[in-house]
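In this chain, numbering begins with 1 at the start of the sequence shown.
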Amino acid sequence: MKRLVVGFGILALAIPAVAWAHATLERETPGFQQELKVAPREVTLSFDQFTKFPVVQVYNVAGRTFAGQAIAHGLDVSAPLRRLPRGDYTVRWHVLSADGHVVSGVWTFGVGVRALPPTQAYGASGPTRTEHVVRWLYFLSFALLIGSLGFRLICLRGLQLPSPLERRLYLLAAIGVIGSIDVGILAFCLRCEDVLQLPFGKYFYGDLTPIAQGTRFGIAFIWMTLGFAFVAALTYLAWLLEREIILLPALALSVGLLSGLSVSGHDGVDPGSSWTTELADWVHISAASLWIGGLCALVIAVWPTAPNLRRTVFVRFSRLATLLVTLVLAAGIYLALVRVPHLHDLWTTGYGEVLLVKVALVATAVAWGGVHHFVVRPRLDAASDGFLSRLGASIAGESLIGIAVLLVAAVLVDSNPPPRPFTEPVTQAAARR
């Protein structure tokens, strides 16, 4: 009887879903981000069901339209095109599906040139302040997750931890991993909403395939979301079974997943990018996350709940932070040299100005940490409880500077680096001579 009830329940849920599913784009010509040698004469879209009232627009980078009246015939929709000059083009379309919902989408192609990614399609306004804040929360989630896990496994190794300290560390890790998933989904949705240029009510019927499967940004988002879901499971098992060793693969996987940001960001897709820039960006992000997240764990978890561990843990973290800051500075300097080709770009471009703010904040945090390492640490053995309490406030200040660095980094990632100088190929220059 139970099986029968479950079977009828599944059938009842499945039949309406099949009967009233909205139209899905199955094929398109030209293809997603396809580079064509010859300009096409029409745009064709093939759906899995009949559609009505089709609208297809084809724009060049200047916003000029080239498509004629779209016509639906069978499962296909086609729109004739005027002659397309060499360049990048954006296709925006919407149709009425059988369930009464308007389904929309966008993709890009190029004629004689490499097509722009859909995230740079004509009409997309680019990152907003809301997206800056969401990306900042995304970075902060990484820092809390990686910082709390790494801090526990490295700085607290071999120590007897009181229960309140363990609970706070697990809470920080839980907040971090949930944020890495949920805030990541929100960031992806905001980017897609801007690309599709749809109001919120129609956004859920948009075709996200060109972004989710046709860009590094989308592919990295999918793998990172699935990966952090597995990290959440490992963290939960470690808490449930009281097995700290399970946190080790959770930390390793979390750090590895950060590479998704590197391969899909400026240092993975922009001109001048290479495997070295991707590696440097991954090292930069990973070290910064462990450093800033470790500071948060120190001030939120250790200082209030484990007064007897303050001296030992502070010394251990101070040594770890020295290595992490070195990696952050080395990778950051290398990436700045690659991304900013001229010195004057630092004060003549928006990217350079944001980079200067980030450098100033990082320098402040490094100087603050230097005082802790070279001045405070030698005095810890003879320090009073009052001194340690004031030290906790100072660590909180350094943590806030680190969190501010993450905010500026979020704005920097969404900014466009200055263009690299054009270098004429040797063969062309020799041919002209």
Side-chain angles (χ1 to χ4, degrees), residues 117 119-120 126-127 129 131-133 135-136 138-140 142-143 146-147 187 216-217 220 255 257-295 320-370 373 398-423:
T119 50
Q120 299 179 26
R129 291 182 179 178
E131 289 186 73
H132 294 332
V133 173
R135 185 173 287 273
W136 169 56
Y138 202 28
F139 287 170
L140 184 57
F142 296 147
I146 294 173
R216 286 195 180 190
F217 167 74
V255 174
L257 289 171
L258 290 186
S259 62
L261 300 177
S262 303
V263 300
S264 61
H266 291 308
D267 298 299
V269 299
D270 285 359
S273 301
S274 64
W275 69 269
T276 56
T277 58
E278 293 176 1
L279 178 62
D281 187 68
W282 174 68
V283 170
H284 188 71
I285 298 173
S286 302
S289 297
L290 185 51
W291 173 34
I292 298 171
L295 282 170
L320 175 63
T322 301
L323 173 62
L324 296 176
V325 169
T326 301
L327 293 175
V328 168
L329 294 178
I333 291 172
Y334 169 71
L335 293 174
L337 292 175
V338 174
R339 289 286 151 243
V340 183
H342 302 105
L343 183 61
H344 60 77
D345 289 332
L346 290 174
W347 57 84
T348 59
T349 64
Y351 183 91
E353 292 173 352
V354 176
L355 180 59
L356 285 177
V357 175
K358 181 184 176 183
V359 169
L361 288 173
V362 171
T364 302
V366 170
W368 205 318
H373 183 82
E398 184 182 355
S399 302
L400 292 176
I401 296 296
I403 293 173
V405 170
L406 295 180
L407 175 59
V408 178
V411 178
L412 188 66
V413 167
D414 287 335
S415 304
N416 292 320
R420 294 175 61 83
F422 174 74
T423 302

Task: Residue pair A365 / W291: nearest heavy atoms and the distance that separates them - done: CB-CH2, 3.8 Å

Open item on the list: By the side-chain hydrogen bond (donor to acceptor under 3.5 Å, both in side chains) test, which pairs, at least two apart or in different chains, include something from residues 399-415?
Closed with: H132-D414, R135-D414

TODO: Sort and list the pairs that fulfil side-chain hydrogen bond (donor to acceptor under 3.5 Å, both in side chains) and have at least one residue in residues 346-361, not counting sequence neighbours.
DONE: H284-K358

- [ ] Starting at CD1 of I401, measure out to CG of L295 and round the result to the nearest 0.5 Å.
- [x] 11.0 Å

- [ ] Check whether any side-chain heavy atom of S262 lies under 4.5 Å from a side-chain heavy atom of I285, and answer yes or no.
- [x] yes

Task: Value rounded to 0.5 Å, distance of CD in Q120 from CG in N416 - done: 7.5 Å

Open item on the list: Nearest 0.5 angstrom please: L407 CG to L361 CG, how far?
Closed with: 9.0 Å

Task: Heavy-atom pair of closest approach, residues V328 and A288 - done: CG2-N, 3.5 Å

Open item on the list: Main chain of V263, side chain of W282: is a donor-acceptor contact present, judged purely on distance under 3.5 Å?
Closed with: no

Task: Within-4.5 Å side-chain heavy-atom neighbours: L406 and F142 - done: no

Task: Heavy-atom pair with the smallest gap, counting every atom of A287 and L327 - done: CB-CB, 3.9 Å

- [ ] With V408 as reference, evaluate L355, V413, L356, V357 under the side-chain contact (heavy atoms from CB on, under 4.5 Å) test and give the passing residue.
- [x] V357

Task: Closest approach of G402 to I292 (non-hydrogen atoms, all atoms of both residues) - done: O-CD1, 3.3 Å

Open item on the list: If you compare all heavy atoms of A331 against all heavy atoms of A280, which two are closest, and at what distance to 0.1 Å?
Closed with: CB-O, 3.4 Å

- [ ] Answer yes or no: is there a side-chain heavy-atom contact under 4.5 Å between T276 and V338?
- [x] no

Task: Contact check, side chains of T277 and Y334, non-hydrogen atoms, under 4.5 Å - done: yes

TODO: Answer whether the closest heavy-atom distance between the side chains of Y138 and L261 falls below 4.5 Å.
DONE: yes

Task: Pairwise side-chain contact, V362 with L329, heavy-atom cut-off 4.5 Å (strictly under) - done: yes

